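Read the structure below first, then the notes.
Proteins come first, then strands; the chains are lettered A, B, ... in the order of their sequence lines, and each starts at number 1. The basis for the numbers below is simple: all heavy atoms, side chains too, and nothing from hydrogens, waters or symmetry mates. This structure is a prediction, so every number in the text was calculated from the model and none was measured.
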Amino acid sequence: MATILVIDDDPTIVEAMRAALEIQHYTVIGTVDADMAPQLAHTYHPHLILLDYLLSGSNGTTVIEGLKKDPLTAKIPLILLSAHPKAREEAKRMGATAFIPKPFDLSLLYTMIRKYT
Amino acid sequence: MEMPLFVPTHSLDLDAPSVPSSFAILADSIPVMIWKTDQQGKRIFFNEAWLSFTGRSLQEECGDGWISDIHPDDVEQYLFTYRLALQHQQPFHAEYRLHHHSGAYRWVFVTGKPQYHSNQYTGYVGSTIDITDRKQTEERLESYKQRLEIAQYAGGIGTLEWNLNTNQIWCSEEQLHLFGLHPQLFSGKFEQIEQIILPSDHRLFIETINRDCATHKDCDIEYRILHKDTTLRWIKTQGKFFYTRRGEPLRFIGISYDITKQKQTEQMLRFKAESNRILSHSFRYKKTLRELAKTTVTSIADWCSIDMIHDDGSTDYVALAHADKHKVAIVNRFRKVRHHLFEQDSETAKDLRQGKTLFFPLVTEQFLQHHVADHSRLRFLQRLNLTSLLIVPIQIKGHTIGTISLATTDTHQRFDEQSVEITQQFASSVALAIENATLYEELSAQKERLQNVVANVSGVVWEGEGELGKEHTTFVSPFAKRMVGFELDEWYAHEGFWLRLVHPEDTTRVVGYIHSLFTKRTHGIFSYRWITKKGKIIWIQSYVSALRNEEGERIGIRFVNVDITGRMEIERRKDDFISMASHELKTPLTSIKVFNEVLLQLPELTKNKQTRTYLLHMDRQIDHLTTLVRELLDVTKIQAGKLQLNKSDFSLHNLAKETIDVLQTTTQHHHMRLVDHAHIHIYADRDRIGQVLTNLISNAIKYSPESEIIQISIEKDEKYVHISVKDKGIGIAPEHIDKIFDRFYRVFDATDQTFPGLGIGLYISLGIIKRHKGTIDVRSTYGKGSTFRVTLPL
């Protein structure tokens, strides 16, 4: 099954996502440290990245920019998840593959993952 | 009158009874008519001049023949004179009419003198000359003189001659008439004239005469005299002083005429002009009335009293004037104890109440006794020594509010019809002034109130006239200084000052907006930024309206600008807070939701039916909570006008179907039916339209607990697509139907059924549809169900 990199500053969310994905037999690499994202991507070659867009810091933007610039990670589908109302436009602007507003139904998340892996 | 005699007594030889030929030759050669008598007085000679005058022969004239030439009317008189002279051998002269050969009689002057020869009386020699021309001139002169007298009499012109040495004065009959002096009682002394001059004018009169006399000026003087019958006349005397060669004044010759009428008219006009001036100048009417009273006593009356009379008859003595302050004090003392100007229920008071003018040209003792019952009042009035009295009511709308009382005393002037008319006009003006003043007082009070309000408004109230952006300030409220820092003078000094304050980025928008307001002839509120003197940017909310003239043309602009920087900041913080709060709420919701759905995937849990049901309940409640959080955020966005649309082309059918599928899972009672004929696509925000559909269908479910069918129909016409959600539920009572789209509005049902919710669903739906330039309407029958219809442009 596919490997999914989950980046969210809220450890509970990382935990929940891990539970939700693992039960669907995905391999989950989770982190609360956005700065670790490129390194983890390099190490594990995930099939998809689920990234929380953090507006409180500039991490989200920086992470996406870094991943997009890096030829090794540029092509990995990236789904942005956020509770922030402005995140949808940002996602589009930054070139994210898809956007899922928080909170969401797992069925929607599963559909999206299936679509891009 | 001495006439030249061409016949010197002793130079001619007249000794013979017959006329010697030398005399005849001489007499014939001169143009004067000459005749001669004998000792008996018989005419014995007429010269050629005589004979050619009468056209008769010497024979016809000699003897008594010449008598028939005399005018029949003059014969008797002339012959009497002639014979009397002859009898006493005295010289004589006479004028009579002599028959001329032309047939007419002509006036002749005759002189006759007795002639002596060696002391022996020899007879008369006479000369006769034609004086017709002189006579006519004299007659003409006489008639001129008469005419002048007539003219002077008719014109009321008197003449006088005053000997300055003897102080004797000669007055023409008309002059005496002007002075009101009887010709037989006039002493011819200047002192008698001095006595009739009104005492108050006497000094000026004497001073003027002395001055003009000393400076060799023509004299022109106006003064008042008092006739025996106590009437007052204004006299004007103009004349000249004559002096000796050494410059000592000799006499004064002058003419006089009566200028009373003219003077009165002048006084009236002056009074009218002055009173109008006073009335139009002040709005403090009591002060005005006191001024008016003073004017009155210097022009048309000696006393003036203006008083306000209350309904109970009590009097407010507003103004009282007399040239003499002491007299005013006396009256005021009397009035202090009398609170009524007129005796209660007297005819006088009644008449005045009815608006009648009371006019007494001559106030006599009998008059006072007849009219004044109160004893002390009568005594008081007697002391005032009134000549003439005039009381005019001041009326406003037919109601007497006061009186103007005029009286003359010392000047003895009598009021006449003209005075009445003037005073009535005066009273109307006063009434108007009082009415205006009352209105003005109210207006001033209001204005003051308004000014206080404007001054205390924590905003800039500003008015300016002129072209947009180039207005000159006509008013700016003092708060402007506090709000933007510039002195008020600067507002007045520069055209379009307000526009200078506008933030450069907002200028175009501001001007455009105001233009559009003026074009639509409306007013509006909008916000923009100003830069203060210190360079600080402030947000202002501006209420703008046009100033228009009576023709409705725009002449300027009015702003009421309020500093909303603080409010904007609070608003921004509120927005930030709500987005933050909703974000913060959504994060735990996300993990709860995920965990819950993971639990639902665990077979060891879901095999227990009860556990599974609970987990499903939790899932729905989490969804509901999520919806509430999102709606709160949406309300904030809609309110701030910040709802953003993410438009795309999509199938309404699919959206409706998806929504129905989701919602169908939430209810077992209802059956949702989608009615649409074609796959209609629209370009809109899919999520938001879905949100509206969800809201409408959820409401339909919620408010039709007893009913099954909920019908969703999608139709389109040329321009619009219509989405209807119809239920057969409880319906909406008419009193609520207009309010259900209001924010936080919730219907509390009469049957006490309450329905959960924040009351923001429809508000948000309407906000979303409006952003799509669409509409939502509702038709409902209470107790039978409702149909909500969304209309969106294609």
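- Looking at B:H671, its side chain never comes within 3.5 Å of a backbone N or O of B:I709 through a donor-acceptor pair.
- Contacts between B:Q644 and chain A at a heavy-atom distance below 4.5 Å involve the side chain alone, from C-beta outward.
- Only the side chain of B:N646 comes within less than 4.5 Å of a heavy atom in chain A; its backbone stays farther off.
- With B:T667 contributing its side chain and B:Q664 its backbone, the two residues share no donor-acceptor pair below 3.5 Å.
- The CD1 atom of B:I660 sits 8.0 Å away from atom CG of B:L693, with the distance rounded to the nearest 0.5 Å.
- Among residues two or more places apart in sequence or in another chain, the side chain to side chain contact (heavy atoms under 4.5 Å, CB included) test is passed with B:E569 by B:R572, B:R573.
- Within the 3.5 Å criterion, the main-chain N or O of A:I7 finds no donor-acceptor partner in the side chain of A:D52.
- Remark: A:E22 pairs with A:R18 by the salt bridge (charged side-chain N to carboxylate O under 4.0 Å, His left out) rule, at least two apart or across chains.
- Along residues 110-117 of chain A, the residues that come nearer than 4.5 angstrom to chain B, judged on non-hydrogen atoms, are A:Y110 in order of number.
- Every salt bridge (charged side-chain N to carboxylate O under 4.0 Å, His left out) that B:D634 has, sequence neighbours left out, goes to B:R688.
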